[in-house]
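Numbers for residues simply follow the sequence, beginning at 1.
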Amino acid sequence: MKKMSTRGLVERLKNGECILNAEGYMWEFERRGYLKAGAFIPEVVLEKPELIRQMHLEFVHAGTDVVEAFTYYGHREKLRLIGREDDLEKLNRIALKIAREVADETGTLMAGGICNTGIYVAGDEEASDKIRAMFKEQVEWAVEEKADFIIGETFNDLGEGLLALEAIKKYGNGVPAVITLTPYIPDETTDDVPLPEACRRLEEAGADVVGINCGRGPRTMLPLLREIKKVCQGPVAAMPVPFRTTDDHRTFQSLLDPETGKSLYPLDLACAMCSRSDIRQFATEAKEIGIQYIGLCCGNAPNYFRELAQVYGRQPEASKYSPDISQSFIFGEKISKKYSSSDKLRQYMVSGKSTK
């Protein structure tokens, strides 16, 4: 499963290459029954570490260039909520070591990760100092475990994104920083900064990649990406959730059930998931506007990610198993002619018994 040589993130981007990053581990582990919705804390790292390794390998198989340590919400504040603060360093170290091992085995890049803390308040220096301390310890652990770069993600405030960047630059021993903000319904952060301007300010502050992740699906993220591209000089990151958000419901948190009108978030979103064709269309448009750092967030799965990877010119090992409907004895036009029952069976499946 060895992939490309692990030249650095910045070197690849400056060379005009694109970086594909598969995220969404939290939601996929919840779907599989190893993580609790609501708390969304990666206890699975401590309880079933072998499953972390396997999911990394599944996404490498599907085409990711990055193995990101599953430390999302693995920070002090979250673990305190469930009485596991004493396991903080253990959880981070295990996740980082597994990611490093898989990256070394597969020739991919390994990323450490920090994220929103839930305690940021604009202008509150006491809260900011707590956040700085939380980021410091996670960044230092990532460096010690030999991360190739560090991702700071899902910040709804520019201020907290800047704190993450500050920590990576101060304690990251020179590793590159990718900082992404989360777009909700207005095109601005929750500390009232237009998102294109917020990304520009992060870039000017020294982030190697800036952009947006989570919150919006492909359809409602693309227009904002175009605006961000207009004001940022360097690589822009795009990491939508694979849900069919609309102009009336821009975020997956705001989606409603088309039958009942009830909120779908967070437990009933399956009926609003993107099709594989949706993901392919998103990747095509993102590539056309020059998005160099791309992936999928909450709701991601390897079959989605393979679609994205193939649009970006990759042929991961999973491509061996790409769909070929021509081989179906029911829906494959050529093969179905070999079976006398195929036409009737397809009719029963699709339109029902003929009334003629």
Side-chain angles (χ1 to χ4, degrees), residues 4 6-21 23 65-66 68 109 111-116 135 139 147-170 172-184 186-216 218 220-240 282-297 308 311-313:
M4 67 179 71
T6 54
R7 288 177 295 113
L9 173 77
V10 173
E11 181 185 356
R12 293 188 195 178
L13 293 170
K14 285 184 176 179
N15 193 43
E17 299 174 44
C18 296
I19 296 293
L20 280 55
N21 183 15
E23 296 190 353
D65 297 321
V66 179
E68 182 178 351
L109 293 168
I114 56 178
C115 69
N116 56 308
F135 288 162
V139 167
D148 296 306
F149 66 100
I150 297 176
I151 299 166
E153 60 188 334
T154 326
F155 300 112
N156 45 272
D157 294 281
L158 170 60
E160 190 168 35
L162 288 167
L163 290 177
L165 178 59
E166 172 190 298
I168 296 170
K169 290 178 72 65
K170 187 172 182 179
N173 198 30
V175 301
V178 175
I179 307 292
T180 54
L181 304 167
T182 298
Y184 294 117
D187 287 345
E188 60 184 41
T189 64
T190 48
D191 49 358
D192 305 315
V193 181
L195 278 158
E197 178 186 339
C199 287
R200 178 182 58 77
R201 287 170 60 179
L202 285 164
E203 185 178 72
E204 290 173 349
D208 297 282
V209 180
V210 299
I212 46 180
N213 81 290
C214 207
R216 296 191 189 185
T220 54
M221 183 174 279
L222 277 164
L224 183 54
L225 287 169
R226 292 188 175 95
E227 296 304 309
I228 293 169
K229 282 288 294 178
K230 291 177 183 178
V231 300
C232 289
Q233 303 300 311
V236 170
M239 310 285 291
F282 163 70
T284 299
E285 293 189 46
K287 187 178 180 182
E288 287 172 354
I289 65 175
I291 298 299
Q292 276 188 269
Y293 184 106
I294 190 168
L296 297 169
C297 204
L308 184 151
V311 170
Y312 268 71

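- Salt-bridge formation is detected for the pair E227/K230: a Lys NZ or Arg NE/NH1/NH2 atom is positioned less than 4.0 Å from an Asp or Glu carboxylate oxygen.
- The side-chain contact (heavy atoms from CB on, under 4.5 Å) test with N21 singles out one residue from I151, I294, D65, L109, and that residue is I151.
- We find the CG-OG1 distance between L308 and T284 to be 9.0 Å, quoted to the nearest 0.5 Å.
- Taking all atoms of both residues into account, the shortest heavy-atom contact from E17 to L13 is O-CD2, 3.7 Å.
- The distance from atom CD of Q233 to atom CD of E203, rounded to the nearest 0.5 Å, is 6.0 Å.
- In this structure, F149 and P176 approach most closely via the heavy-atom pair CB-O, 3.4 Å.
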Steps toward side chain to side chain contact (heavy atoms under 4.5 Å, CB included) verdict (K14, V10): CA-CA 6 Å; K14 285 184 176 179; V10 173; 3.6 Å; yes

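- Residues C18 and Y293 form no side-chain contact, since every pair of their non-hydrogen atoms from C-beta on lies 4.5 Å or further apart.
- You'll find the side chain of V139 reaches within 4.5 Å of the side chain of I114, heavy atoms only.
- Under a 4.0 Å N-O distance rule, the pair R226/E285 qualifies as a salt bridge.
- When side chains are defined from C-beta on, V178 counts as touching L9, because their heavy atoms get closer than 4.5 Å.
- Between P194 and D187 there is no side-chain heavy-atom pair separated by less than 4.5 Å.
- For the residue pair T154/N213, the side-chain donor-acceptor check at 3.5 Å is satisfied.
- With respect to D148 and R7, no salt bridge is recorded, no charged nitrogen being found less than 4.0 Å from a carboxylate O.
- Distance check, rounded to the nearest 0.5 Å: CZ of F135 to CG of L165 gives 11.0 Å.
- Just one of L224, V231, L225 meets the side-chain contact (heavy atoms from CB on, under 4.5 Å) condition when paired with L195; it is L224.
- Closest heavy-atom contact between A205 and L162: CB-CD2, 4.0 Å.
- Minimum interatomic distance between G211 and C199 (heavy atoms only, all atoms of both residues): O-SG, 3.8 Å.
- One finds the SG atom of C232 at 12.5 Å from the CZ atom of R201 (value rounded to the nearest 0.5 Å).
- Within the 4.5 Å cutoff, the side chain of V209 has no heavy atoms near those of the I179 side chain.
- Using a distance-only test at 3.5 Å, with no hydrogens or angles considered, a donor-acceptor pair links the side chain of K229 to the main chain of G290.
- Here CD of Q292 is found 9.0 Å from OH of Y312. Values are rounded to the nearest 0.5 Å.
- Listed for the D191 side chain is a donor-acceptor partner under 3.5 Å among the backbone atoms of L158.
- Residues Y184 and T189 form no side-chain contact, since every pair of their non-hydrogen atoms from C-beta on lies 4.5 Å or further apart.
- Closest of all the heavy-atom pairs between A147 and A111 is CB-C, 4.4 Å.
- Here the straight-line distance linking atom CG of L181 with atom SG of C214 works out to 12.5 Å at 0.5 Å rounding.
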- request: Determine, stepwise, if the pair N156 / T190 fulfils side chain to side chain donor-acceptor pair (under 3.5 Å).
  value: CA-CA 6 Å; N156 45 272; T190 48; 2.8 Å; yes

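- Here salt bridge (Lys or Arg N to Asp or Glu O under 4.0 Å) pairs that include residues 151-163, with residues two or more places apart or in two chains, number zero.
- Taking both residues in full, the closest heavy atoms of P183 and I212 are given as CD-CB, 3.9 Å, listed atom of the first, atom of the second, then distance.
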